[in-house]
Colleague: 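Before I ask anything, here is the structure I am working with.
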Amino acid sequence: MEGRRFDAVVVGAGFAGLYMLHRLRRAGLSVRVLERADGVGGTWYWNRYPGARCDVESVEYSFSFDEDLQQDWEWSERYAGQPEILRYLNHVADRFDLWRDIDLRIAVTAARFDEASDEWAVETSGGPVTARYLIMATGCLSSANVPDIAGLSSFEGQVLHTGQWPREGVDFSGQRVGVIGTGSSGIQAIPIIARVAADLTVFQRTAAYTVPARNRPLEPDELRNVKARYSDLRAANRLLAGGFGSRSRAGTTSALEVDPDARHAAYEERWQQGGFTFLGAFTDLILNRDANETAAEFVRAKIRATVDDPTTVEMLMPSQVIGCKRLCLDSGYYETFNRPNVHLVDLRRTPIERVTRTGIRTTEGEHRLDTVVLATGFDAMTGSLLRVDIHGRDGLALREAWAAGPRTYLGLGVPGFPNLFVVTGPGSPSVLTNMVVSIEQHVEWIAECIERLRADGYTRIEATEDAADRWVLYVNAVADATLFPTCNSWYLGANIPGKPRVFMPLPGFPPYAEQCRLIAENGYEGFALGP
Ligand code: FAD
Ligand code: NAP
């Protein structure tokens with residue numbers, strides 16, 4: 001690979017990188033995918049912690065671009081587990097003969113745009129390569145956040161991060177385990193670790209809302225029905241804000257327009273059904289605080305009814321807007337706190353002082369542990385992009401250009417960085433959607449754009465400053481009309497000390513996709529084409 005020139009280099013071999021390769025190869029380009037892991041799968045390669053599974057139903061959280069693929073693949077569960085999703089992505093790599101253009105164990109470290117040739121000089125752990133187009137399919141949740149907790153490196157037991165889980169698995173039997181973090185990853189892992197470990201201590205900073213996943217095997221009939229009208233289902237999903245859920249009935253009124261009994265019945269029905277449909281019970285749950293509070297209070301009542309110990313109940317009570325941080329789905333999370341071997345520590349009341357050689361010391365005392373599991377999430381959306389030392393026109397560094405927060409046009413292009421595309425970048429709907437839907441839309445847009453540039457004899461495309469300025473204002477305006485910016489979420493970068501506080505994803509898939517379509521139709525308005 002070293003020293004070679006490609007039409008396109010794609011960084012990352014998750015859902016995005018795999019489809020990008022397939023689509024660009026079909027367009028006749030020479031393409032190389034560079035992936036730092038020793039396998040494909042991205043998220044589903046790295047996150048092998050116990051209980052890892054998708055939270056968008058598998059028949060929807062999967063590729064739609066190939067009818068034979070979606071007809072042939074048989075999902076076994078409503079929400080497939082990590083091993084099954086990883087098998088699926090390996091199958092995609094086999095089926096479309098992708099391996100021959102993928103280099104594994106290659107980390108991209110730097111990239112510099114050469115204005116004389118309109119090409120990127122890419123530095124990798126395997127040597128330099130050049131490419132006209134550099135496509136960052138590096139993932140929104142792919143840079144683990146390992147918090148800077150005093151003494152962590154002095155701990156003599158194991159320290160594991162959910163997003164960098166050992167391939168060979170971990171046997172917790174007989175161990176004293178501490179889990180830090182109660183987001184989606186912690187909430188999936190905790191009930192399973194609790195069943196095996198001798199003792200489990202959960203260190204919680206913010207109490208989360210979680211609703212039952214109600215995962216179950218998929219019945220053959222159910223799968224047959226989905227497959228009989230698969231393209232209709234996919235098309236219907238693309239018309240929904242989150243790109244999924246068209247099989248469940250969405251609420252049509254405000255939560256404040258119905259009487260308390262009807263409201264309770266609507267929440268209860270969805271609680272029993274399981275999944276994200278809970279927040280679709282009414283039209284204004286993420287728009288109106290009073291409406292939101294009715295859903296939040298319903299979940300709090302479920303916690304009171306489920307957990308036995310009153311002090312634990314109080315600690316588990318979430319207070320922020322429900323859905324402001326990504327809603328979690330669980331399989332027996334609250335019930336786990338009734339087990340005699342499980343203890344909850346509220347870090348707001350008794351913060352961690354330091355990790356010692358033998359455990360975690362809070363202001364209340366030491367918890368002796370054999371293993372610490374960091375379920376502390378990711379430097380989301382910008383982390384993996386900024387870890388690469390990218391320099392655009394006039395040597396401009398991406399890290400400098402984004403010092404005050406990410407600035408993109410459509411989440412796809414960055415002013416000052418010609419021929420650079422980001423798949424599901426900040427400023428696009430990305431993490432607020434079924435990400436496979438967003439990935440497919442971006443991959444197809446990028447591929448069609450490159451096809452057009454080549455057909456029309458252009459060698460350079462760059463988002464204009466003006467278009468990016470307007471786009472950033474637009475994303476903020478859309479987000480400010482919702483309740484999303486009201487809490488310290490990773491959507492805002494609030495989980496990473498020192499990260500600029502900017503709401504990064506754009507709520508609402510269909511209007512976004514329509515804008516992308518129109519911009520392309522109008523000759524890539526807001527982009528400068530050259531030479
Ligand atoms: P990724 O899968 O993150 O792949 C990016 C790849 O780029 C990684 O393999 C990484 O190693 C590689 N890479 C990064 N930087 C470099 C570099 N410098 N050099 C070389 N390689 C590099 N989304 C949903 O819509 N529904 C779900 O149910 C869902 N569940 C999730 C569960 C977990 C545990 C997590 C962490 C995320 C989940 N997500 C879910 C979000 C998920 O990240 C996306 O759905 C999707 O898998 C992202 O695919 P991707 O290809 O864009 O990025
Ligand atoms: P997360 O949602 O960011 O949760 C991280 C947890 O760690 C939070 O409880 C956070 O507390 C805590 N934390 C972070 N730093 C800490 C510190 N220094 N001290 C103490 N606690 C700390 O991360 P995640 O759970 O890995 O999930 C990230 C995203 O990945 C999800 O939102 C979702 O999009 C995706 N995901 C999906 C699934 C699924 O169900 N399919 C599973 C896992 C992940 P604060 O809340 O106070 O910051």
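The model shown is predicted, which means the values in this text are computed figures rather than measured ones. Both ligands and their constituent atoms are indexed starting at 1 by order of listing.
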Colleague: Is the Phe337 to His343 ring centre distance short of 6.0 Å?
Modeller: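 No, too far apart.
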Colleague: For Leu141, take its heavy atoms, then give the atoms of ligand 2 lying under 4.0 Å from any of them.
Modeller: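 That gives atoms 29 (C), 30 (O), 34 (O), 35 (C) of ligand 2.
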Colleague: Would Arg501 and Phe503 count as a cation-pi pair here, with the cationic atom under 6.0 angstrom from the ring centre and within 45° of the axis?
Modeller: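 That pair does not qualify as a cation-pi contact.
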Colleague: Charged N to carboxylate O under 4.0 angstrom, Arg32 versus Asp101?
Modeller: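 Salt bridge present between Arg32 and Asp101.
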Colleague: I'd like to know if Val436 contacts ligand 1, where contact means a heavy-atom distance under 4.0 Å to any ligand atom.
Modeller: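 No.
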Colleague: With a 4.0 Å cut-off on heavy atoms, is Asp55 in contact with ligand 1?
Modeller: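 Yes, Asp55 has a heavy atom closer than 4.0 Å to ligand 1.
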Colleague: Using distance alone, with no hydrogens and no angle criterion, decide if Glu84 and Ser76 have a side-chain donor and acceptor under 3.5 Å apart.
Modeller: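 Present: a donor and an acceptor within the cut-off.
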Colleague: Run the numbers for me: atoms of ligand 1, each under 4.0 Å from some heavy atom of Gly12, listed by number.
Modeller: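 Near Gly12, the atoms of ligand 1 are 6 (C), 7 (O), 12 (C).
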Colleague: Please state which part of Thr162 comes within less than 4.0 Å of ligand 1, counting heavy atoms only: side chain, backbone, both or neither.
Modeller: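 Neither; nothing of Thr162 gets under 4.0 Å from ligand 1.
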Colleague: Among protein heavy atoms, which lies nearest atom 6 (C) of ligand 1, and at what distance?
Modeller: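 Going by distance alone, atom 6 (C) of ligand 1 is nearest to Glu35 OE1, 3.4 Å.
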Colleague: Just to be sure I'm reading this right: ignoring hydrogens, which of Phe378, Tyr61, Trp490 gets closest to atom 32 (O) of ligand 2? Compare them by their nearest heavy atoms.
Modeller: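 Among Phe378, Tyr61, Trp490, the closest heavy atom to atom 32 (O) of ligand 2 comes from Trp490.
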Colleague: For ligand 1, which is the ligand I care about here, please tell me if Arg36 has any N or O atom under 3.5 Å from one of the ligand's N or O atoms.
Modeller: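 Min N/O separation from ligand 1 is below 3.5 Å for Arg36.
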Colleague: Which of the listed options, Gly139, Gly14, Ala111, Cys54, holds the heavy atom that is closest to atom 53 (O) of ligand 1?
Modeller: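 Closest candidate by heavy-atom distance is Gly139.
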Colleague: Classify the contact between Thr433 and ligand 1 as side chain, backbone, both or neither, using a heavy-atom distance cut-off of under 4.0 Å.
Modeller: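 Backbone only.
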Colleague: For Leu34, which part has a heavy atom under 4.0 Å from ligand 1: side chain, backbone, both, or neither?
Modeller: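 The answer is the backbone.
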Colleague: Which option wins on minimum heavy-atom distance to atom 36 (N) of ligand 2: Ser489, Cys140, Ser184?
Modeller: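 The option holding the nearest heavy atom is Ser184.
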Colleague: Looking at Glu364, I want to see if its CD is surrounded by more than 12 non-hydrogen atoms of other residues, nucleotides or ligands under 6.0 Å.
Modeller: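 Result for CD/Glu364: open.
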Colleague: Numbering the atoms of ligand 1 from 1, which are under 4.0 Å from a heavy atom of Phe378?
Modeller: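 Within the 4.0 Å cut-off of Phe378, ligand 1 contributes 36 (C).
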Colleague: I need the atoms of ligand 2 closer than 4.0 Å to a non-hydrogen atom of Leu347, numbered in the order shown.
Modeller: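 Listed by number with element, the hits are 20 (C).
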Colleague: Given the side-chain rings of Phe244 and Tyr61, with only the six-membered ring counted for Trp, is the space between their centroids under 6.0 Å?
Modeller: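 Here the rings of Tyr61 and Phe244 have centres that are no less than 6.0 Å from each other.
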Colleague: Please work out whether the ring planes of Phe96 and His22 are parallel, tilted or perpendicular, with thresholds of 30° and 60°.
Modeller: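 Rings of Phe96 and His22: tilted, 30 to 60°.
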Colleague: Around atom 17 (C) of ligand 1, find the nearest protein heavy atom and jot down its residue, atom name and distance.
Modeller: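 Scanning the protein heavy atoms, the shortest distance from atom 17 (C) of ligand 1 goes to Val11 CG1, 3.6 Å.
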Colleague: For the residue pair Trp73 and His91, does the interplanar ring angle fall in the parallel (under 30°), tilted (30 to 60°) or perpendicular (over 60°) class?
Modeller: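 The arrangement is tilted - the two ring planes meet at 30° to 60°.
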Colleague: For the residue pair Phe203 and His367, is the inter-centroid distance of their aromatic rings smaller than 6.0 Å?
Modeller: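 Yes, the ring of Phe203 comes within the 6.0 Å limit of the ring of His367, centre to centre.
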Colleague: How does Asn47 reach ligand 1, if at all, at less than 4.0 Å between non-hydrogen atoms: by side chain, backbone, both, or neither?
Modeller: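 The answer is the side chain of Asn47.
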Colleague: Measuring from the heavy atoms of Phe15, does anything fall under 4.0 Å of ligand 1?
Modeller: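 The answer is yes: ligand 1 sits under 4.0 Å from a heavy atom of Phe15.
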Colleague: Under 3.5 Å, N or O to N or O, is Thr424 touching ligand 1 that way?
Modeller: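 Min N/O separation from ligand 1 is not below 3.5 Å for Thr424.
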Colleague: Any nitrogen or oxygen of Cys140, side chain or backbone, less than 3.5 Å from one on ligand 1?
Modeller: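 No - when backbone and side-chain N and O of Cys140 are compared with those of ligand 1, no distance drops under 3.5 Å.
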Colleague: Need the ligand 1 atom indices (1-based, order shown) with element for anything under 4.0 Å from a heavy-atom of Trp46.
Modeller: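 Near Trp46, meaning under 4.0 Å from one of its heavy atoms, ligand 1 has 8 (C), 9 (O), 10 (C), 11 (O).
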Colleague: Taking distance alone, with N or O pairs closer than 3.5 Å, would you say Thr162 contacts ligand 2?
Modeller: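 No; every N/O pair is 3.5 Å or more apart.
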Colleague: Which option out of Ser185, Gly181, Gly183 puts a heavy atom nearest to atom 12 (C) of ligand 2?
Modeller: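 Closest candidate by heavy-atom distance is Gly181.
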Colleague: Using a strict cut-off of 4.0 Å, indicate which atoms of ligand 1 neighbour a heavy atom of Thr138.
Modeller: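 Heavy-atom distances to Thr138 below 4.0 Å select 5 (C), 7 (O), 14 (C), 15 (N), 16 (C).
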Colleague: In this structure, is the centre-to-centre distance between the rings of Trp44 and Tyr88 below 6.0 Å?
Modeller: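 Between Tyr88 and Trp44, the centre distance exceeds or equals 6.0 Å.
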Colleague: Does only the side chain of Phe244 get under 4.0 Å from ligand 1, or the backbone, or both, or neither? Count heavy atoms.
Modeller: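 The answer is neither.
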Colleague: For ligand 1, indicate whether the residue Trp44 contacts it via side chain, backbone, both or neither (heavy-atom separation under 4.0 Å).
Modeller: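 Within the 4.0 Å criterion, Trp44 contacts ligand 1 through side-chain atoms alone.
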Colleague: Heavy-atom contacts with Ser142 under 4.0 Å: which atoms of ligand 1 show up? List them by number with element.
Modeller: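 Counting atoms of ligand 1 from 1, those under 4.0 Å from Ser142 are 3 (O).
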Colleague: Quick one: look at Ala137 and ligand 1, take heavy-atom pairs under 4.0 Å, and tell me if it's side chain, backbone, both or neither.
Modeller: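 Backbone only.
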Colleague: Side chains of Ser438 and Thr433 only: does a donor on one sit below 3.5 Å from an acceptor on the other?
Modeller: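 A pair is found: one side chain offers a donor N or O, the other an acceptor, under 3.5 Å apart.
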Colleague: Output, in order, the C-alpha distance, side-chain angles, deciding distance and verdict of side-chain contact (heavy atoms from CB on, under 4.5 Å) for Asp38 and Tyr45.
Modeller: CA-CA 9 Å; Asp38 64 2; Tyr45 170 92; 2.3 Å; yes
Colleague: Would Thr362 and Glu353 count as having a side-chain donor-acceptor pair, cut-off 3.5 Å?
Modeller: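 Checked: Thr362/Glu353 side chains show no N/O donor-acceptor pair below 3.5 Å.
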Colleague: Please work out, at 4.0 Å between heavy atoms, whether the side chain, the backbone, both, or neither of Tyr61 comes within that distance of ligand 1.
Modeller: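 Within the 4.0 Å criterion, Tyr61 contacts ligand 1 through side-chain atoms alone.
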Colleague: Check for a donor-acceptor pair, side chain of Glu60 on one end and backbone N or O of Gly245 on the other, with a separation under 3.5 Å.
Modeller: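 Yes, Glu60 side chain to Gly245 backbone: donor-acceptor pair under 3.5 Å.
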Colleague: Please determine if Ala16 has a nitrogen or oxygen closer than 3.5 Å to a nitrogen or oxygen of ligand 1.
Modeller: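 Among all N and O atoms of Ala16, at least one is under 3.5 Å from an N or O of ligand 1.
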Colleague: Looking only at protein heavy atoms, identify the closest one to atom 18 (N) of ligand 1 and say how far it is in Å.
Modeller: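 For atom 18 (N) of ligand 1, the nearest protein heavy atom is Val108 O, 3.0 Å.
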Colleague: For ligand 1, indicate whether the residue Val388 contacts it via side chain, backbone, both or neither (heavy-atom separation under 4.0 Å).
Modeller: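 Under 4.0 Å from ligand 1, Val388 contributes side-chain atoms alone.
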Colleague: Nearest heavy atom to atom 35 (C) of ligand 1 wins, so pick from Asp389, Thr43, Leu89.
Modeller: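 Among Asp389, Thr43, Leu89, the closest heavy atom to atom 35 (C) of ligand 1 belongs to Thr43.
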Colleague: To the nearest 0.1 Å, how far is atom 4 (O) of ligand 1 from its closest protein heavy atom, and which atom is that?
Modeller: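 Minimum-distance protein heavy atom for atom 4 (O) of ligand 1 reads Gly42 CA, 3.5 Å.
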Colleague: Is the ring centre of Phe417 less than 6.0 Å from the ring centre of Phe113?
Modeller: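 No; Phe113 has its ring centre 6.0 Å or more from that of Phe417.
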Colleague: For atom 16 (C) of ligand 2, which of Arg348, Gln204, Arg53, Arg205 has the closest heavy atom?
Modeller: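 Among Arg348, Gln204, Arg53, Arg205, the closest heavy atom to atom 16 (C) of ligand 2 belongs to Arg205.
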Colleague: What orientation do Phe63 and Tyr19 show, parallel under 30°, tilted 30 to 60°, or perpendicular over 60°?
Modeller: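 If you compare the ring of Phe63 with that of Tyr19, the planes turn out tilted.
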Colleague: Could you walk me through whether Thr363 and Thr350 pass the side-chain hydrogen bond (donor to acceptor under 3.5 Å, both in side chains) check?
Modeller: CA-CA 5 Å; Thr363 52; Thr350 55; 4.8 Å; no
Colleague: Can you find a non-hydrogen atom of Tyr79 under 4.0 Å from ligand 1?
Modeller: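 Per 4.0 Å heavy-atom rule, Tyr79 does not contact ligand 1.
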Colleague: So, Tyr209 and Arg300: side-chain donor and acceptor under 3.5 Å apart, yes or no?
Modeller: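 Side-chain D/A pair, Tyr209 to Arg300: present.
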Colleague: Non-hydrogen atoms of Ala107 versus ligand 1: any pair closer than 4.0 Å?
Modeller: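 Distance cut 4.0 Å: Ala107 passes for ligand 1.
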Colleague: Distance under 4.0 Å to a non-hydrogen atom of Asn434: what atoms of ligand 1 satisfy this?
Modeller: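 Answer for ligand 1: 25 (O).
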Colleague: Classify the side-chain pair Ser64/Gln70 by whether it contains a donor and acceptor separated by less than 3.5 Å.
Modeller: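 Ser64 vs Gln70: no donor-acceptor pair found between side chains.
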